[in-house]
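Remarks on the structure that follows.
The chains referred to below are lettered A, B, ... by the order of the sequence lines, with proteins before strands, and numbering in each begins at 1.
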There are 2 protein chains.
Amino acid sequence: MATTRDRIITATNELFRRQGYNGTSLSQISEASEATIGSIYHFFPGGKEELAVAVVETTGEVYRQLFEAIVAEVEGPADGIRAFFAGAAAVLAESDYIDPCPIGTVAREVANTSEPLRLAAERAFASWIASAREFAVGAGAGPHEADRLATLFVATVEGAFVLSRTQRSPAALEAAGETFAHLLATIDAAVPGSHS
Amino acid sequence: MATTRDRIITATNELFRRQGYNGTSLSQISEASEATIGSIYHFFPGGKEELAVAVVETTGEVYRQLFEAIVAEVEGPADGIRAFFAGAAAVLAESDYIDPCPIGTVAREVANTSEPLRLAAERAFASWIASAREFAVGAGAGPHEADRLATLFVATVEGAFVLSRTQRSPAALEAAGETFAHLLATIDAAVPGSHS
DNA sequence: GTCTATAATTTGATAGAC
DNA sequence: GTCTATCAAATTATAGAC
């Protein structure tokens with residue numbers, strides 16, 4: 001059975017996915033989590049901002065593990081990446097195009113107004129990039145190429161979420177999946193940066 | 001001299017870039033635009049939502065023209081794309097990493113709560129994709145490949161904005177620029193979709 | 001077209017009983 | 001740990017004089 005703290009984080013995560021940080025009120029969180037405002041402040045004395053940091057940290061870790069699990073269970077890096085984007089597209093369509101990732105939304109909203117939240121989002125992205133970098137190295141990329149591919153991968157995932165969600169179509173995620181699979185399959189030619 | 005309506009749109013655009021839609025209040029817009037709340041409702045009777053639609057439409061058109069101007073003045077598609085991403089990185093760093101594009105932020109915030117705003121963002125993205133598609137065709141892509149590259153291009157731009165802004169580093173935009181220039185330079189091999 | 005005044009509601013946050 | 005009651009401030013929006 002979920003603890004109160006977990007219920008609050010889960011409910012906030014889902015509300016952020018639909019409405020973002022500023023669009024979600026504590027009263028909504030209280031109602032959705034079946035916890036009183038007093039309980040929320042008991043677990044997160046810093047209020048909404050501290051709660052949001054916890055949500056970003058939790059989600060960042062969950063998604064990092066999810067990425068690693070998906071690509072690990074498929075043979076070959078190109079097919080692993082393909083499976084990842086295909087899975088994301090399926091989840092998005094099933095959820096009626098609710099944002100899969102609250103971190104990107106929150107980051108864009110508050111990067112200039114809340115430094116603790118910006119840093120939490122930066123840490124989450126950094127952990128994804130580190131994970132993707134390892135994956136790229138396993139696919140044959142050199143350290144420099146792996147850096148670049150990993151950074152671009154995370155950016156592409158976030159961007160494809162924005163587009164697919166707005167268009168209510170998996171097209172952007174599909175385009176990203178196919179192109180990235182190709183980049184991994186032709187890894188030496190794909191990244192021209194080794195001579196720069 | 002700028003009309004009151006233009007001042008309101010410009011000020012709102014800049015506030016959305018820093019704080020997003022829900023994080024920006026009408027009183028802030030009133031102060032920044034030096035127009036009273038009454039004037040705002042005079043020009044936008046539908047209130048904040050109608051104003052935001054106008055901001056998204058205006059910004060979408062401005063950026064479409066900007067993209068076309070940048071790639072037109074450089075020789076060769078690969079270098080044109082490189083110039084585009086390099087320019088975006090420079091603007092971002094100069095502006096202390098304020099979001100270059102309010103549309104992506106607003107789209108993510110309200111895609112599930114305001115259909116008029118979601119549709120405005122979708123139209124803006126569609127116009128960019130159409131412009132990029134023409135560019136890809138000019139670079140030698142077939143119609144199918146051009147569709148895919150153009151969609152991925154817009155997604156990559158948006159995603160690189162999220163990452164560069166959160167990381168306060170141009171790395172993501174640079175990675176996107178180099179990889180996209182390469183994709184355009186090797187256009188037949190880059191998009192494996194023609195046989196699918 | 002611009003202004004002030006204000007209505008009605010909601011916000012994030014706190015205090016203190018239990 | 002959970003609850004209710006409440007605060008001060010801010011929110012979108014409207015009315016009506018000028």
Side-chain angles (χ1 to χ4, degrees), chain A residues 1-56 102 105-106 109-118 120, chain B residues 1-56 58 102 105-106 109-110 112-118 120:
Chain A
M1 181 195 151
T3 66
T4 302
R5 205 190 113 103
D6 285 345
R7 285 206 321 277
I8 293 170
I9 288 187
T10 302
T12 305
N13 182 53
E14 284 186 28
L15 286 164
F16 282 1
R17 288 175 52 195
R18 291 170 198 261
Q19 308 166 345
Y21 177 80
N22 288 307
T24 300
S25 69
L26 287 180
S27 65
Q28 283 181 311
I29 294 170
S30 169
E31 190 185 354
S33 63
E34 294 180 276
T36 61
I37 300 265
S39 286
I40 295 174
Y41 275 90
H42 172 74
F43 290 106
F44 306 96
K48 194 179 174 181
E49 189 179 50
E50 184 180 338
L51 167 57
V53 168
V55 167
V56 168
T105 312
V106 172
E109 284 182 87
V110 305
N112 279 281
T113 54
S114 166
E115 189 66 0
L117 260 175
R118 197 211 114 225
Chain B
M1 181 195 152
T3 66
T4 302
R5 205 189 114 105
D6 286 345
R7 285 205 321 276
I8 293 170
I9 289 187
T10 301
T12 306
N13 181 54
E14 283 185 29
L15 286 164
F16 282 2
R17 288 174 52 193
R18 290 172 199 259
Q19 309 167 341
Y21 177 80
N22 287 307
T24 300
S25 69
L26 288 179
S27 66
Q28 283 180 312
I29 294 169
S30 169
E31 191 186 352
S33 64
E34 293 179 280
T36 62
I37 301 264
S39 285
I40 296 174
Y41 275 91
H42 172 73
F43 289 106
F44 305 97
K48 193 178 173 182
E49 189 179 51
E50 184 181 336
L51 167 57
V53 168
V55 167
V56 168
T58 304
T105 313
V106 172
E109 285 183 86
V110 305
N112 279 280
T113 55
S114 166
E115 189 65 1
L117 259 176
R118 198 212 112 226

Q: Please report, rounded to the nearest Å, how far the P atom of D:dT4 is from the CD1 atom of A:Ile40.
A: 13 Å

Q) For the atom pair CG (B:Asn22) and CD (A:Glu109), what is the distance rounded to the nearest 0.5 Å? A) 6.5 Å

(Q) Just the rounded figure in Å: distance from C1' of C:dG16 to CD1 of A:Ile37. (A) 16 Å

Q.
Are there over 12 heavy-atom neighbours, none belonging to A:Arg5, within less than 6.0 Å of that residue's CZ?
A. no

Q: Using whole Å, report how far NE2 of A:His42 lies from P of C:dT14.
A: 15 Å

Q | DNA chain C-proximal residues of residues 47-55 of chain A, any heavy atom under 4.0 Å | A | A:Gly47, A:Lys48

**Q.** Residue pair A:Tyr21, A:Val56: steps toward the side-chain contact (heavy atoms from CB on, under 4.5 Å) verdict
**A.** CA-CA 11 Å; A:Tyr21 177 80; A:Val56 168; over 6 Å; no

**Q.** Close side-chain approach of A:Ile29 and A:Leu26, heavy atoms under 4.5 Å
**A.** yes

Q. For the atom pair CZ (A:Phe43) and CD1 (A:Ile8), what is the distance rounded to the nearest 0.5 Å?
A. 6.0 Å

Q) Are B:Glu14 and B:Arg17 ion-paired here, with the side-chain N under 4.0 Å from a carboxylate O? A) no

Q. At under 4.0 Å, does any side-chain N or O of B:Thr36 touch on OP1 or OP2 of C:dT4?
A. no

Q) Between B:Val55, B:Ile9, B:Thr12, which is the residue that forms a side chain to side chain contact (heavy atoms under 4.5 Å, CB included) with B:Phe44? A) B:Ile9

(Q) Once you apply a heavy-atom cut-off of 4.0 Å, does A:Tyr41 come out as touching a base, just sugar-phosphate, or nothing? (A) base

Q. Roughly, in whole Å, what's the span from CD1 in A:Ile8 to P in D:dG1?
A. 11 Å

Q: Could you list by number each residue of residues 22-35 of chain A showing a heavy-atom separation from DNA chain C of less than 4.0 Å, or answer none if no residue does?
A: A:Thr24, A:Ser25, A:Leu26, A:Ser27

Q.
Between B:Arg7 and B:Glu34 (side chain of the first, backbone of the second, donor and acceptor by atom type, cut-off under 3.5 Å), is there such a pair?
A. yes

